[in-house]
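Right, one structure below, let's go through it.
Each chain gets a letter, A, B and so on, in the order its sequence line appears, and its residues count up from 1. Atoms considered below: every heavy atom in the structure, side chains included; atoms not considered: hydrogens, waters and symmetry mates.
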4 protein chains.
Amino acid sequence: MRRLTAAAAQVLHRQGVERTTIADIADAADVPVGNVYYYFKTKDDLVQAALSEHAGHLADLTGELDRLPDPLDRLKALVAGWVDQRDMAARYGCPTGTLAAELDKRSEGGIDVEAGKVIRLLLDWVGHQFRELGRSDADDLAITLVGAYQGMSLLANALRDPEIMTREGARLTRWLDALPTGTPGARHS
Amino acid sequence: MRRLTAAAAQVLHRQGVERTTIADIADAADVPVGNVYYYFKTKDDLVQAALSEHAGHLADLTGELDRLPDPLDRLKALVAGWVDQRDMAARYGCPTGTLAAELDKRSEGGIDVEAGKVIRLLLDWVGHQFRELGRSDADDLAITLVGAYQGMSLLANALRDPEIMTREGARLTRWLDALPTGTPGARHS
Amino acid sequence: MRRLTAAAAQVLHRQGVERTTIADIADAADVPVGNVYYYFKTKDDLVQAALSEHAGHLADLTGELDRLPDPLDRLKALVAGWVDQRDMAARYGCPTGTLAAELDKRSEGGIDVEAGKVIRLLLDWVGHQFRELGRSDADDLAITLVGAYQGMSLLANALRDPEIMTREGARLTRWLDALPTGTPGARHS
Amino acid sequence: MRRLTAAAAQVLHRQGVERTTIADIADAADVPVGNVYYYFKTKDDLVQAALSEHAGHLADLTGELDRLPDPLDRLKALVAGWVDQRDMAARYGCPTGTLAAELDKRSEGGIDVEAGKVIRLLLDWVGHQFRELGRSDADDLAITLVGAYQGMSLLANALRDPEIMTREGARLTRWLDALPTGTPGARHS
DNA sequence: TATGAATGAGTCTTCATTCAT
DNA sequence: TATGAATGAAGACTCATTCAT
């Protein structure tokens, strides 16, 4: 079952939700098709599980970054991580972003805000760092930084060019370094 | 037939490519299903036509903006246009961006670079403006600006919050205004 | 499409609703499976159509019987018709009765009263005859007569014995003949 | 295991054989699904067990009625029992009758006459009472009485009207009372 | 003896595409 | 040129049944 959600997260990211069949995921996880339904009543449930998997990855990552003492270093490390994933982004886009875009179309009423939740996790964490840096406009900055990440991933993917990630990553790092921070001393709080 | 491509562009944007059936488009265009195949051999052809429709919209827009004498004004007007479309973006995302993301998954080999082309049209036009402004890093700036647009559209859509467009649009405008431009006098070339 | 509803009515009666697949019906009607869905969006719709088909048969029959001048003769002819169908009843039960019993279980909420409607058509027609015969308890008599029909069909089917239909039919005929009727002269109104 | 057959009898009656899954029955009996197969090799075996359960109920009932000295009283008490069950009949039909109708469709060859057996048990017992009453046409009368029961149950169920059971029960009671019996004195034999 | 998990055949339904007219 | 109908290849989901423990 862990194999299932892991396989689902990967295959759904690569092929997209609509193009992925339950059989695809079952194959990737090396389980019989019928067995999938023992753990997930519907395809949507499986998609949610994949979403949670991505949320878990994100939690792991931010947990790791939280060890760094300086919020600015954390943000720069986050950006560095994005750049490290440039080949995946150029090939398949950002997992969270593409999933969110697809899930948005998937349920007529658009009640399914689950996808937004993972992105909000990232926004919240980033906003928290900016706040620690003493920025009162922390939430806006978070939108800017995460937006830049989503945008560069989308462009890298559409143009199939990983170097976009590298160049934009460098720019974001410079931007972070140049960003005026709040009360001196607040940074190491 | 023009009705068809127009309907296709709209419905595909709203529902996504995979969730949209030929019948949906035929309905929206108020033509019989069979008739669609008189003009478009396959669904993919129709999707391409919708893509061209979006490219046409973009050409119309840039053609309009080109009337402005100042490249900086053109770029700021472009951003203003994005903000004007904020409700649509918050509901369905950027047409070009979401289509590109979907089409990327649609053909296994990824041969279908058509989607990237429309985005590249925008990048080229924006890059051209920056070049006119005397920026030697015009292409990078174009990536940054268009990337910011795609990113803010995606976030606005995922969070269903059009205000994200407003706030980020304002930031981009400030950013454009603050951007050091090249040799004085080059601006009006 | 007429072929479809006719085939559906027959096959559903013979095999039962739950045991009959869409493919079974498509086969019987000699149309491809997919085509069924051009006319009927769901299996339930097809079942309803089969029900209407039976209602139509009933209407044809009562229309025929209405030509007889005497209500008593009409009722006796109705019973004679039941007996004529004894082999079918012994093999598959009464179409309306078995369908009603099955449909009753088919929709959780039991909202599906369609099945009851066909039976009520028969009850109403029979009740009308008794009323013409001057019986003030016409509705009760209708329940008794139609109930006897349903009961003898069920027993004939369960015991696989068509003769049950014959014997009970004879008894019902005697019962009708012995039934005190209302004001003399009312019979031919 | 007794819990299992009891649960099976009830759930199968309420939902119908085809609509009832093994899991439904396991749930109702509060045993794990796998456990069901420890006692019953197949679903059909479980259905047979449910049938036996109903046969047992019938045996209990007739055993009870046999205590009455007068066969006519026994039959009238039988009818009274039917009327007492009117709400269940209006909601789910007669257990034996609906099961018989369903099982008839269940096995292609129709070899499965098990369902008929339970009904025959009832017919035999009723026929025995009529015989004790000195009626040489006891078997026919049994068919009439049991048929009336099945018919009124089906109508009550189809029309969701328990009062049908009440009215027809009253009629059957009058009919029994009016029935000419055989040699005086034979009644208490 | 007991059971949670596994399995795969079968069923409904959708939909791109074709075709006769 | 136009179109209602036809077609069949998937795909999601169900469920009786088996099995390892």
Side-chain angles (χ1 to χ4, degrees), chain A residues 1-4 15 17-27 29-47 106, chain B residues 1 4 15 17-27 29-47 106, chain C residues 1-4 15 17-27 29-47 106, chain D residues 1 4 15 17-27 29-47 106:
Chain A
M1 156 153 188
R2 196 49 190 277
R3 260 213 325 277
L4 258 179
Q15 308 189 353
V17 175
E18 305 293 344
R19 301 289 284 189
T20 299
T21 70
I22 296 288
D24 287 340
I25 296 173
D27 275 0
D30 200 40
V31 302
V33 186
N35 195 16
V36 174
Y37 285 90
Y38 184 78
Y39 295 104
F40 302 97
K41 286 191 93 61
T42 69
K43 182 178 178 177
D44 276 315
D45 284 356
L46 193 45
V47 172
R106 209 173 145 75
Chain B
M1 149 145 193
L4 257 180
Q15 307 188 352
V17 176
E18 305 293 344
R19 303 287 285 189
T20 300
T21 70
I22 297 288
D24 286 340
I25 296 173
D27 274 3
D30 201 38
V31 302
V33 188
N35 200 1
V36 174
Y37 282 87
Y38 183 74
Y39 296 107
F40 302 96
K41 269 268 169 267
T42 68
K43 180 177 180 179
D44 277 315
D45 285 355
L46 193 45
V47 173
R106 205 172 149 76
Chain C
M1 155 151 186
R2 196 49 190 277
R3 257 211 328 275
L4 257 178
Q15 307 189 354
V17 176
E18 305 294 345
R19 302 288 287 188
T20 300
T21 71
I22 297 288
D24 287 339
I25 295 172
D27 276 359
D30 200 38
V31 301
V33 186
N35 196 15
V36 174
Y37 284 89
Y38 184 78
Y39 295 103
F40 302 97
K41 287 190 92 61
T42 67
K43 182 176 180 180
D44 276 315
D45 284 356
L46 192 45
V47 171
R106 209 175 144 74
Chain D
M1 149 143 195
L4 257 179
Q15 309 189 351
V17 176
E18 305 292 345
R19 303 286 285 189
T20 299
T21 69
I22 297 288
D24 285 340
I25 296 172
D27 273 3
D30 200 39
V31 301
V33 187
N35 200 1
V36 173
Y37 282 86
Y38 184 74
Y39 296 107
F40 301 96
K41 269 267 169 270
T42 69
K43 182 176 179 180
D44 276 315
D45 284 356
L46 193 45
V47 172
R106 203 171 152 75

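- Atoms CD1 and CG, from B:Ile22 and B:Asp27 in turn, are 11.5 Å apart once rounded to the nearest 0.5 Å.
- Interatomic distance, NZ of C:Lys43 versus CD of C:Glu18, reported as 6.0 Å (0.5 Å rounding).
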Item to check | Dot-bracket encoding of pairs in DNA chain E, which uses [ ] for pseudoknotted crossings and | for another strand, Watson-Crick or G-U under 3.5 angstrom | outcome: .||||||||||||||||||||
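- A:Asp45 meets the side chain to side chain contact (heavy atoms under 4.5 Å, CB included) test with A:Phe40, A:Lys41, A:Thr42; sequence neighbours excluded.
- Remark: C1' of E:dA16 and CG of B:Asp45 are 12 Å apart, rounded to the nearest angstrom.
- Of the possible donor and acceptor atoms, one in the side chain of C:Asp24 sits under 3.5 Å from a partner among the backbone N and O of C:Thr21.
- Atom-to-atom distance recorded for C:Leu4:CG and C:Asp30:CG is 10.5 Å, nearest 0.5 angstrom.
- Here A:Asn35 pairs with nothing under the side-chain hydrogen bond (donor to acceptor under 3.5 Å, both in side chains) rule; sequence neighbours left out.
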Checklist entry - Once each nucleotide of nucleotides 6-14 of chain F is scored for protein heavy atoms under 4.0 Å, what B/S/- sequence comes out, 5' to 3'? => result SBB--SSBB
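- Looking at A:Val36 and A:Leu46, their side chains come closer than 4.5 Å, going by heavy atoms from C-beta outward.
- Between the CD1 atom of D:Ile25 and the P atom of F:dT17 there is a distance of 11 Å, rounded to whole Å.
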